[in-house]
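Remarks on the structure that follows.
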Protein chains: 2
Amino acid sequence: MDETASGDHESPHTALPTVKSGTIPPATASRLGLYLRELQHFLRGGTETIKSNSLGRRLGLSDSQIRRDLALFGEFGKRGVGYNVAGLVGALRKALGTDGQWSTVLIGLGNLGNALVRYRGFGQQGFVLRAIFEADRSKVGLNVDGVPIHDISRLEELLPSLDVQMAILAVPADQAPGLASRLADLGISGILNFAPVSLSTTRGVATVDVDLAVELQRLAFAVVNSDRSS
Amino acid sequence: MDETASGDHESPHTALPTVKSGTIPPATASRLGLYLRELQHFLRGGTETIKSNSLGRRLGLSDSQIRRDLALFGEFGKRGVGYNVAGLVGALRKALGTDGQWSTVLIGLGNLGNALVRYRGFGQQGFVLRAIFEADRSKVGLNVDGVPIHDISRLEELLPSLDVQMAILAVPADQAPGLASRLADLGISGILNFAPVSLSTTRGVATVDVDLAVELQRLAFAVVNSDRSS
DNA sequence: TACTGTGAATGAGTTCACAGCC
DNA sequence: GGCTGTGAACTCATTCACAGTA
């Protein structure tokens, strides 16, 4: 897996007990977003209940695994019937911390940064882009879809007043660790990193690394090691 | 984790035994790309050997885990010294199937597709983009960095002669499953999917799903659950 | 009847701790 | 001396199988 997390900043969200008891195991946590995505799909379609079996089939997971995971929120499943879709969507958003909104900045408006600004999926889950920081002076002062582009050198000057919790880093690998550390010093809570370098060692901030080349290598491995008996 | 794999097509690569004995466990396999990335970094810098400890620190992993993983290739580590960087790079590329080249097509030239075409990381790891397929007629006939853009309706007509093994899918969620199934029928071996839907259930092809919104939700979860004692 | 919830069993992955070798 | 390689212990995750309940 291509991600790690650590950090110590408080969020604007009140983390009331969404879970039956104790904490959510990491393996389950990494699947919550997938469950939420599928359940929102059913919610839009007007489906009121969903069975562990059909959810599992859509995601390529076993029904018992789905039940084990969802039982942590235990109150949305009815024996003989299935799970209440709307209730689970609410519980998952709360557990993930994506009830409410997160203010976000994008650092780096290259190819990938440009695509990310326009990506609709982020806004839909409550992530609001407040500003873009970029080194290329010819872009500074412009805006993308109404989001202003600032000079990266003004990060320390401007970030505090923007009141953001998350940063999306889409800069070259050699600049990523330095920027991550500046963002951590500014009190950012989380960084979604697309640079091909691990930021998990940055202190005081939660990080998730997404390396597109690594994902493609995983695919190559899966192809080379694919089992001829499927 | 946001990916799955399955499939049954042969690749152009000869999978000679790169590993000491048996197969590579999935958990280790998912880290090989990260190891390769870091080792290539040291190789470019002229470092000849690397210790499990320093590699671990760069990736946020324990030294014993690194040793366990790399011992599978057992012949590159020397006690008291460390691992031979160049040798390991070769072994990892072979194990991942990224020695040699993979011919690739991109399906969908929207925001994300555009960024992916220009992304340098793919070419560097031996993935060569042969063609782009897109539904928007105003783009068909043009090219991006010399790569031709074809009408998606001509997929069945044109793909066989392109001799590609991999497809990168960057289309809306509702179109992804249908396209995945067409690609599988055409004999594609692997699909890297960016649509927010699981393609792991597509038969006869290895798939890796990357859902950017899910990654951002993982980050939100990590922030909300970050331990105040770090 | 048809599903969920969950103890118990199994399996996978990680860490410990130290022997083995350079 | 300082590292790797690895048996053994441990922890975490998944699956099995069935009791419990709408």
Side-chain angles (χ1 to χ4, degrees), chain A residues 1-6 19-32 34-35 39 42 47-85 87-88 91-92 200 218 225, chain B residues 1-6 19-32 34-35 39 42 47-85 87-88 91-92 200 218 225:
Chain A
M1 206 176 327
D2 195 10
E3 85 249 14
T4 50
S6 65
V19 186
K20 238 167 112 181
S21 82
T23 33
I24 297 175
T28 299
S30 75
R31 287 186 291 265
L32 296 185
L34 299 173
Y35 294 154
L39 289 165
F42 285 113
T47 307
E48 290 183 9
T49 63
I50 178 91
K51 296 189 263 285
S52 60
N53 184 283
S54 28
L55 192 51
R57 229 168 331 96
R58 278 183 71 90
L59 288 167
L61 302 173
S62 73
D63 55 344
S64 63
Q65 182 165 62
I66 304 271
R67 288 201 298 280
R68 195 50 87 187
D69 286 345
L70 297 188
L72 291 171
F73 301 93
E75 61 179 303
F76 302 107
K78 283 216 195 331
R79 292 163 201 246
V81 181
Y83 296 89
N84 177 318
V85 174
L88 261 183
L92 289 173
S200 64
R218 282 186 185 147
N225 293 275
Chain B
M1 205 178 325
D2 195 12
E3 84 248 19
T4 50
S6 66
V19 186
K20 239 167 112 181
S21 83
T23 35
I24 297 175
T28 299
S30 75
R31 287 186 290 266
L32 296 185
L34 298 174
Y35 295 153
L39 289 165
F42 284 113
T47 307
E48 291 184 8
T49 63
I50 176 93
K51 296 189 264 283
S52 60
N53 183 283
S54 27
L55 192 50
R57 231 170 327 99
R58 279 183 72 88
L59 289 168
L61 302 173
S62 73
D63 55 344
S64 64
Q65 182 166 61
I66 303 270
R67 288 200 299 279
R68 200 41 93 189
D69 287 342
L70 298 187
L72 291 171
F73 302 92
E75 61 180 302
F76 301 107
K78 283 216 194 333
R79 293 164 199 244
V81 181
Y83 296 89
N84 177 317
V85 174
L88 260 183
L92 288 173
S200 64
R218 281 186 183 145
N225 294 275

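Chain naming here is simple, since letters A, B, ... match the order of the sequence lines and numbering starts at 1 in each. Scope of the values below: all heavy atoms of this structure, side chains included, with no hydrogens, waters or symmetry mates. Treat the numbers as computed from the prediction; the structure is a model and nothing was measured.
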Write out a two-atom table: protein N or O, nucleotide N or O from nucleotides 18-22 of chain D, distance below 3.5 Å.
residue : atom : partner : partner atom : Å
D/dG20  : N3   : A/R79   : NH1          : 2.9

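A/R58 is linked by a side chain to side chain donor-acceptor pair (under 3.5 Å) to A/E38, counting only residues two or more places apart in sequence or in another chain. For A/P25, the side-chain contact (heavy atoms from CB on, under 4.5 Å) partners are A/T28, A/L72, not counting sequence neighbours. Judged as a side-chain contact (heavy atoms from CB on, under 4.5 Å), and not counting sequence neighbours, A/R79 has no contacts. With sequence neighbours excluded, the residues that form a salt bridge (charged side-chain N to carboxylate O under 4.0 Å, His left out) with B/R67 are B/D63. The side chain to side chain donor-acceptor pair (under 3.5 Å) search around A/S64 returns A/S62, not counting sequence neighbours. Residues that satisfy the side chain to side chain donor-acceptor pair (under 3.5 Å) test with A/N84, not counting sequence neighbours, are absent from this structure. Judged as a side-chain contact (heavy atoms from CB on, under 4.5 Å), and not counting sequence neighbours, the contacts of B/T47 are B/F42. Remark: B/T49 engages no residue in a side chain to side chain donor-acceptor pair (under 3.5 Å) (not counting sequence neighbours).
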Task: Nucleotide-resolved protein contact map, nucleotides 7-15 of chain D, B/S/- at heavy-atom distance under 4.0 Å - done: BB----SSB

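Atom P of nucleotide C/dC21 and atom CG of B/N84 are separated by 20 Å, given to the nearest angstrom. Note: CD1 (B/I66) to C1' (C/dC16) measures 17 Å, nearest angstrom. Rounding to whole angstrom units, CZ of residue B/F76 and P of C/dC22 are separated by 16 Å. Between B/F73 atom CZ and D/dT6 atom P there is a gap of 14 Å when expressed in whole angstrom units. Regarding A/D63, its CG atom lies at a distance of 13 Å from the C1' atom of C/dA2, rounded to whole Å. For the pair A/E75 CD and C/dG5 P, the interatomic distance rounds to 10 Å; values are reported in whole Å.
Proximity of B/I50 to B/Y35: side-chain heavy atoms (C-beta onward) are nowhere separated by under 4.5 Å.
When B/L70, B/I66, B/D69 are each tested for a side chain to side chain contact (heavy atoms under 4.5 Å, CB included) with B/S52, only one passes: B/I66.
The CZ atom of A/F73 sits 5.0 Å away from atom CG of A/L32, with the distance rounded to the nearest 0.5 Å.
The phosphate of C/dC22 (OP1 or OP2) has no side-chain N or O of B/Y83 nearer than 4.0 angstrom.
Recorded end-axis angle for the helix from C/dT1-D/dA22 to C/dC22-D/dG1 stands at 10°, based on five pairs per end and rounded to 10 degrees.
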